[in-house]
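Taking it in order: structure first as structure tokens, then the write-up.
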Amino acid sequence: MLVTKQNRLEARIREWVEQFGRDRSALLPILQEIQKKYTYISKHAMQVVAHELDIHPVEVYGVVTFYSFLSDKPQGKFVIRLCSTISCDMAGRDRVARQLQNDLGIKFGETTPDKKFSLEWSSCLGMCDQGPALLINDEIFTQVTPQKCHELLNECKKAFASHAVRQEADQ
Amino acid sequence: MWKKPSHSNPLTFSTIEPEKGMTEALRLSPAEIIENVKKSGMRGRGGAGFPTGMKWQFAAEAKDDAKIVVCNADEGEPGTFKDRYIIKIFGNLMIEGMTIAAYAIGAKRGIIYLRGEYSYLRPLLENLFEERRQAGKLGKNIQGIEGFEFDIEVRMGSGAYVCGEETALIESLEGQRGEPRNRPPFPVNTGFQGHSTIVNNVESFAWVACMFAKGINWFKSVGTDKSTGLKLFSVSGDCKQPGIYEFPLGIKVSKLLEAVGGEDAKAVQIGGAAGLLIPRSEYERTLAYEDIPTGGSIIVFGPDRDMLMVAKNFLEFFVHESCGQCTPCREGNEKLLEGIKMLEEGHCSMHYLNELIALGETMRLTSKCGLGQTSSNPFISVATHFRDEILGRTNLHVS
């Protein structure tokens, strides 16, 4: 990581610490912000957070690795989480899963080499009466069919193209 | 993006005049509110069914100047989606309930622990808070009551089912891994950062507001003696009209199936992955705390469903979601899942199956929290009720 990028990360973390406080209970909100901004929580970020909250970095690592929405490895700009639970399973999630893998060329738990997409399983998304359901970042999609996967991915690619330049500059 | 439920029946919540419940309740003294909630007989709508009035009384009696009201919106039980609907459509009713609770126990701070999967609901909740602050319904001197101060914030979960367990939820709020605590002490005595804390489900708070609007006697008049009131059910699976339904507690499984178009079901999972699998022969049982307690998740399995696949799905879920803290749950679920794979491949002896059931019973008795105590339920139910379907398999369609 370039020094300037590193400095910016540290500055951002300090801003979030100002916002949420130095109490241990601020740890999750801070980590959630880092996750949202950087798609993962790097070792360096964990150390900075630990230093700011005056706890051991391993405490931060323990929390990051416990929660499935926090990642210690870089994820794609779009994280696709397909609901694996029984109702979506019965509604045909396996075929959606297969097609997502085919269209993205990755398996579940992986990220595309261009860092655009990550594919994950998720526990119940609370859309059981209209499965199969999936989340793309914060947005929910229901009654997804294998054919619809392609459309969804295309929408993401379009959105990515228009934001990519700005996001690069922002990092 | 908002998705309304596929089907629904008329809900009491939509007939309640806005703010009436809170206005009526805040005319009473805190002690009278608790007395009324106790009299209503209401038990927690999240599934565990602890009497709400008693919980509030314990918290009210605690000596603490920083009590906290927590709303458990970590709706992670497979097959449950009613809380998402309540937050979206009846969010104010839930907040009214939280405010009533705060007044009753003497809390100034409220937290809604919203699951990460529902982060799209966060802006909506924050708008509601802001509107209520403007209208003097949150903040200082609420409803003109001198010294009654209460405000709410949203805290997000991060994708951990176990955080729906109240002590794990508190750990998570404190910035820890979501590992359940030993109880006692209970959160009403030693909760968030050591302060007296009540944790209630989204639906529980909404019903509290509702019962003060419509009267305690109205609430008591529905349901059974031990399970008073109405309850929302999230219905999914093999039925003609899945969706959100309201029924009085004490309804028979067969009646519910009729209402949702699932009469031909060969089994129903009640209460989600941690719940019970009810075979056809038991459809006359009732959904009530004295028979089958439930948080409202109803998953219907049609005549052609492979029940082994069902048990496998639930066990994969528990293997993933076990926090790993205690051995029976961490290791037991792995063993049961291995057993499922043996059954799939058709080489599990009856002797070994019985051993696995015994293991499941040990997990019930020895696990630390509700997750491990209930995670063997689906396996035991399928192995008990559908033996002929799961033993001696020859159709090897294993992936």
Side-chain angles (χ1 to χ4, degrees), chain A residues 20-33 35-36 41 49 53 55 59-71 79 81 83-91 93-94 98 120-131 133-143, chain B residues 1-3 5-7 75-85 115-120 122 155-161 163 172-179 192-193 234-238 241-244 269 272-273 297 299 301-302 305 309-310 313-314 316-317 320-321 323-324 399:
Chain A
F20 297 111
R22 276 167 209 281
D23 188 82
R24 173 77 191 241
S25 68
L27 180 58
L28 264 179
I30 294 168
L31 295 178
Q32 285 162 348
E33 292 296 330
Q35 176 72 38
K36 206 170 0 169
I41 299 154
V49 173
L53 299 191
I55 51 179
E59 289 279 332
V60 183
Y61 179 77
V63 169
V64 169
T65 50
F66 182 84
Y67 293 95
S68 52
F69 279 25
L70 302 177
S71 169
V79 181
R81 299 177 205 275
C83 179
S84 64
T85 309
I86 187 76
S87 299
C88 285
D89 192 349
M90 296 197 289
R93 63 128 215 239
D94 279 348
R98 176 70 65 99
E120 305 270 343
W121 285 116
S122 159
S123 291
C124 188
L125 292 176
M127 288 291 165
C128 323
D129 58 336
Q130 38 201 319
L134 57 81
L135 269 179
I136 302 182
N137 296 344
D138 282 352
E139 207 172 334
I140 188 91
F141 298 89
T142 59
Q143 290 171 333
Chain B
M1 190 190 299
W2 167 241
K3 309 277 183 192
S6 317
H7 298 85
E75 180 178 48
E77 194 59 55
T80 322
F81 45 97
K82 45 128 189 135
D83 290 347
R84 170 176 58 80
Y85 188 67
R115 65 193 302 235
E117 290 84 344
Y118 290 174
S119 57
Y120 50 88
R122 183 177 190 164
R155 293 284 299 266
M156 299 304 301
S158 260
Y161 165 77
C163 290
S172 177
L173 283 177
E174 290 181 356
Q176 308 280 353
R177 297 160 65 94
E179 290 169 353
F192 179 65
Q193 296 180 330
S234 319
V235 184
S236 65
D238 302 319
Q241 292 110 27
I244 293 188
Q269 181 77 20
S297 163
I299 305 170
F301 302 117
R305 280 298 159 195
M309 183 281 267
V310 170
N313 183 298
F314 285 139
E316 283 172 341
F317 169 78
H320 177 73
E321 295 293 352
C323 79
S399 55

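Here is the naming used below: chain letters follow the sequence lines, and residue numbers restart at 1 for every chain. Not measured: the values here are computed from a predicted model.
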Mind checking whether [X] and [Y] have side chains closer than 4.5 Å, heavy atoms only?
X: A/Ser84; Y: B/Glu316; result: no
X: B/His7; Y: A/Asp129; result: no
X: A/Leu28; Y: B/Ser172; result: yes

Which portion of [X] sits near chain A, non-hydrogen atoms under 4.5 angstrom:
X: B/Ser234; value: neither
X: B/Val235; value: backbone
X: B/Cys323; value: both

Looking at [atom1] of [X] and [atom2] of [Y], how far apart are the two atoms once the value is rounded to the nearest 0.5 Å?
X: B/Met156; Y: A/Tyr67; atom1: CE; atom2: OH; answer: 12.5 Å
X: B/Met309; Y: A/Asp89; atom1: CE; atom2: CG; answer: 4.5 Å
X: B/Glu117; Y: A/Ser122; atom1: CD; atom2: OG; answer: 5.0 Å

- Message: Is it the case that the side chain of B/Glu75 and the backbone of A/Gly126 share a donor-acceptor pair, with hydrogens and angles ignored and the cut-off at 3.5 Å?
- Response: no
- Query: Picking from A/Ser25, A/Ser68, A/Ser87, which has the most non-hydrogen pairs under 4.5 angstrom with chain B?
  - Reply: A/Ser25
- Note on the structure: One option among A/Cys128, A/Ala91, A/Pro29 has the most heavy-atom pairs under 4.5 Å with chain B, and it is A/Cys128
- Message: Set out, in order, the CA-CA distance, both residues' side-chain angles and the distance that settles side-chain contact (heavy atoms from CB on, under 4.5 Å) for A/Cys124 and B/Tyr161, then state yes or no.
- Response: CA-CA 9 Å; A/Cys124 188; B/Tyr161 165 77; over 6 Å; no
